[in-house]
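Worksheet: the structure to be examined is printed underneath.
The sequence lines fix the lettering, A, B, ..., with proteins before strands; numbering per chain opens at 1.
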Amino acid sequence: MSFDHAAIEKKWRDYWEKERLFACDTSDFSKPKYYALDMFPFPSGQGLHVGHPEGYTATDIVSRMKRMQGYNVLHPMGWDAFGLPSEQFAIKNNEHPEGFTRHNIDHFREQLKMLGFSYDWERELATIDPEYYKWTQWIFVEMFKHDLAYVSDVPVNYCPELGTVLANEEVIDGKSERGGYPVIRMPMRQWMLKITAYADKLEKGLEGLDWPKSTIEMQRNWIGRSTGVEIDFPVAFTGLSFKVFTTRVDTLFGCTYCCLAPEHPLLKTIVDPSKKEEVERYVKEATAKSELSRLASSEKEKTGVFTGAYAVNPINGRKIPIYVADYVLGSYGSGAVMAVPAHDERDYLFAKAHGLPMIQVIEGDISNSAYEGDGKHMNSAFVDGLDIAAAKQAILERLIETGHGRTKVNYKLRDWIFSRQRYWGEPIPMLSDGKGEEIPLDESELPLTLPPLDDFTPSKDGKPPLARAPESWLKVERNGKSYVRETNTMPQWAGSSWYYLRYIDPHNDKCLCDKRLSDHWMPVDLYVGGAEHAVLHLLYARFYYKFLHDIGVVSGTEPFKRLVHQGMILGENGEKMSKSRGNVVNPDDIVRDYGADSLRLFEMFAGPLSETKPWSTTGLVGARRFLERAYRLVDEEPYLSRIKAENDHSLDRSYAKLVKKCTEDFESLSFNTAIAEMMVFVNDCYKASNLYRGHLEGFVKILSCICPFIGEEMWHKLGHEKSLAYEPWPTYEEKDLVEEKKKVALSVNGKVRDVLLLAPDAGEEEAREAAFLSEKAKPYLEGKTVKKFVYVPGRIVNVVVA
RNA sequence: GGGAGAUUGGCGUAAUGGCAGCCGCGAAGGACUCAAAAUCCUUUGGUAGCGAUAUCGUGCGGGUUCGAGUCCCGCAUCUCCCACCA
């Protein structure tokens, strides 16, 4: 073992802290800014796993390079510290979740420091800090004031057996995660955020983001914008009507019945008395089923019952039956569909199951399934013979004329259920008179802190734990009137939706972030985190940011300019790491045995950042071996005495390639190929008889981004007293990359036959001459007619012969 | 059912449309050593050949091109995400 990693790591860690080396002054605008952000972790009881350092190392490398390139770098870290696991731990151990959470945070912080990340720890924040969640609550109040927060009765997962409300994550296949008891949907009073008001902005803002394509696509699907037609269907003999949404208005003549969702309000009034009992029973069963089980059972079988009522098809006046069926979702469109069994697979199955008629309106085979393709229309009066696009247009025009329809944009996106019946979250800063009046707390009353409780379990009736808070906390007088505090808390997403702003100005008690500072620092230049947050966290954060823009808190409209997801690190056997598989790798052990630098280097070298890749102990040993090999250059004979103050230029080219490749690859986060180039450079150093000190210094600066401890130590060994963290980034000369003669492949009919040595600026005549002088290519050229001669300087010569 | 991505040596991987396999792991050989480890130096896609070399080779089938791992069309397999969205 050629260096003592434990001693080196301790030495430089202490030095960095003592010198406050990575503290960032965000009010210093004299240098260009760079904001490199990691998705902050949930501080779980297990501590860091080897997946965490992957993304963190990536942003750390870029941060370190940017500092040397003269940027003012903001590279912060904090804790997403509210959340269910801590609460469950608290319930189990009958302790307050805060103690456990703080303890975990201390452990995480220590582990991150151990790994040498250049975070500005003076900006550390946690979502559970009252100084932080004061502003989380403030944003909620602002949303309420702007009509974006409202109360509604919506179905939640309720487990009668456990007597408690469950989060979606706690429901597996319609059963409770603990105990496996059935879970039903039950309406309950909830706070909602009107994210749908931002559907259009959220969709449009995706354009122009430097994000993974897949993530943009996922968000687009989630928002689910679709353009179609809204049609009014009168209910026969009642004077009432309902709206349906369709993207296939061209098939309107093929509509043979309508379906309402079980939640549809019209069911209360239009059902024929003879069907009332049957419909009520069906609705009750359907709404009690959890969404998952409803989905699972109805895929096999389309259930539903006739309401006894009839609708009138506005295009032809035909009377068609109205059904209620749970394959129609209450929460999408208008909760009602026009059913065209001949041309929609779901309607087809339902019609078959219930003996409903079919009218084919597009030529195609409907003997075994609905025909959903394009074709000539039939049985459709004035659109007969037209294709889908033309028929859509014609029918839409007719509907507009008669006032029965209009174009309509629909979104899959639903409003955000923002309450949790939990203790360990931000209290929602609202007061209720119990009769529908909801008033927000004044800013001066924030933060509203969590009251201490003895028992954190939700009540049997589904009431949140805070409902058992002391009366002194719960009851509030306002203008002579009695109010009760809101007892729901916010979801974990709340705190993580705006934390990137707070880092810029973490100790500000006047506002959540000084606008002068956010104008300078936002958007985040590089955001790295797991793909599991592709939709929810990133959508919520964008929503918050757009809202903050609209109320004038920030100027921008998108918080994260560039986003990258790190891939997962699997176990050595290629399976997911898990305790049950016994293949979990603990970073503490790796750092103890091989050092933090080796861990960082290995994770960056194992493959492209975004790919999933397996852990490899031999790969880790290889990383360590490379570091020792590099270290030996500045620590051992005979290499040490080869180091010269003068450059003999033998390594100029190798060095220029190193600097160019690493600078570009660090920027594009292609660390594996940058490291390969660093290895090439070290291999070249071993072959060289003289080593220019300047080259080694440049190499060490580059290496230090990935392996900061050994980097600092080598810098020190090269005769420097201070840290290299703010030394200028190495440069290279373009001329060093140019070779006098370059190898150029000579191919005949596309098959390589020889390699020519040509000057990079050699002309075509020169190339042609060299090609026909080649002995190796001779047999393939002799006696043939040259049909074409292709010459790409520096690349290839291709002779096409007949 | 829809979407996104992937498929290259024994393994992880690399290749602005231009010599496929850089770099690493593993393996083999050599130097050093009494010996081993460590280190240093070679070799390492398959087949044939002592060798120069030849030949085959980037999941499968087509296409574009002087030239395709790379671009286009179709297919297979895998991974992830969404999914009764009218």
Side-chain angles (χ1 to χ4, degrees), chain A residues 1-2 212-218 220-222 224-226 228-229 244-249 251 259 261 291 294-296 298-299 302 325-329 331-340 343-347 349-350 372 410-414 531-532 534-535 565 567-568 574 601-602 605-608 610-623 625-626 628-629 632 636 638 661 670 672-680 682-683 686-687 743-756 776 787-792 794-801:
Chain A
M1 194 175 284
S2 68
K213 219 170 113 187
S214 58
T215 302
I216 290 187
E217 247 353 270
M218 272 188 228
R220 202 162 267 148
N221 285 343
W222 192 262
R225 183 191 159 96
S226 90
V229 177
V244 306
F245 174 75
T246 180
T247 53
R248 288 297 303 275
V249 71
T251 61
C259 264
E291 229 159 65
R294 183 164 147 181
L295 203 151
S298 57
E299 242 174 47
K302 297 263 180 283
D326 69 1
Y327 81 92
V328 179
L329 305 175
S331 48
Y332 181 75
S334 50
V337 301
M338 59 172 238
V340 184
H343 304 290
D344 181 282
E345 189 56 27
R346 297 154 303 187
D347 301 342
L349 292 172
F350 188 86
E372 298 184 344
N410 244 318
Y411 297 93
K412 283 194 227 174
L413 187 68
R414 318 279 163 80
E532 67 273 19
V535 178
H565 301 303
M568 216 185 346
L601 181 69
F602 162 71
F605 186 55
S610 305
E611 299 287 305
T612 55
K613 38 205 169 279
W615 181 262
S616 159
T617 302
T618 51
L620 178 71
V621 172
R625 193 144 61 205
F626 168 69
E628 291 184 2
R629 199 165 147 83
R632 209 169 285 129
E636 261 179 38
K661 180 83 176 150
S670 311
N672 54 331
T673 49
I675 293 166
E677 193 63 39
M678 290 161 63
M679 289 171 169
V680 170
V682 169
N683 289 344
Y686 268 76
K687 289 182 195 116
K743 284 184 188 172
V744 175
L746 166 63
S747 58
V748 179
N749 286 349
K751 241 178 162 33
V752 176
R753 296 300 176 184
D754 197 3
V755 174
L756 306 175
K776 284 180 187 167
K787 288 186 67 183
K788 190 163 185 172
F789 186 84
V790 180
Y791 171 53
V792 183
R795 295 268 174 214
I796 198 137
V797 175
N798 188 20
V799 188
V800 186
V801 295

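- Under the 6.0 Å distance and 45° angle rule, A/K302 counts as a cation-pi partner of A/Y327.
- With rounding to whole Å, A/N749 atom CG is found 16 Å from B/A68 atom C1'.
- A donor-acceptor contact under 3.5 angstrom links the side-chain atoms of A/R795 to the base of B/U16.
- Separating the NZ atom of A/K788 from the P atom of B/U65 is a distance of 10 Å, rounded to the nearest angstrom.
- Between B/U39 and B/C78, the two P atoms lie 41 Å apart (nearest whole Å).
- Taking side-chain N and O atoms only, A/R632 has no distance below 4.0 Å to OP1 or OP2 of B/A38.
- Separating the C1' atom of B/C23 from that of B/G9 is a span of 14 Å, rounded to the nearest Å.
- Separating the NZ atom of A/K613 from the P atom of B/C78 is a distance of 23 Å, rounded to the nearest angstrom.
- Rounded to a whole Å, the CZ atom of A/R414 is 14 Å from the P atom of B/C82.
- The side chain of A/K213 sits closest to B/G5 out of B/A86, B/U39, B/G5.
- Among B/G3, B/G26, B/G5, the nucleotide with an atom closest to any side-chain atom of A/T618 is B/G26.
- Side-chain atoms of A/N749 come within 3.5 Å of backbone atoms of A/V801 as a donor-acceptor pair (strictly under, hydrogens ignored).
- The OH atom of A/Y791 sits 20 Å away from the P atom of B/C66 (whole-angstrom rounding).
- In this structure, of B/U13, B/C19, B/A4, it is B/C19 that holds the atom nearest to the side chain of A/I796.
- Looking at the side chain of A/V790, the nearest of the listed nucleotides B/G18, B/A86, B/A20 is B/G18.
- Side-chain N/O atoms of A/N672 include one lying less than 4.0 angstrom from OP1 or OP2 on B/A14.
- Remark: the separation of the P atoms in B/C11 and B/U47 is 15 Å, to the nearest Å.
- Look at A/E628 and A/R625 and you find no salt bridge, because none of the NZ, NE, NH1 or NH2 atoms lies under 4.0 Å from a carboxylate O.
- Regarding A/Y686, its OH atom lies at a distance of 13 Å from the P atom of B/U42, rounded to whole Å.
- Neither OP1 nor OP2 of B/C23 sits under 4.0 Å from any side-chain N or O of A/R629.
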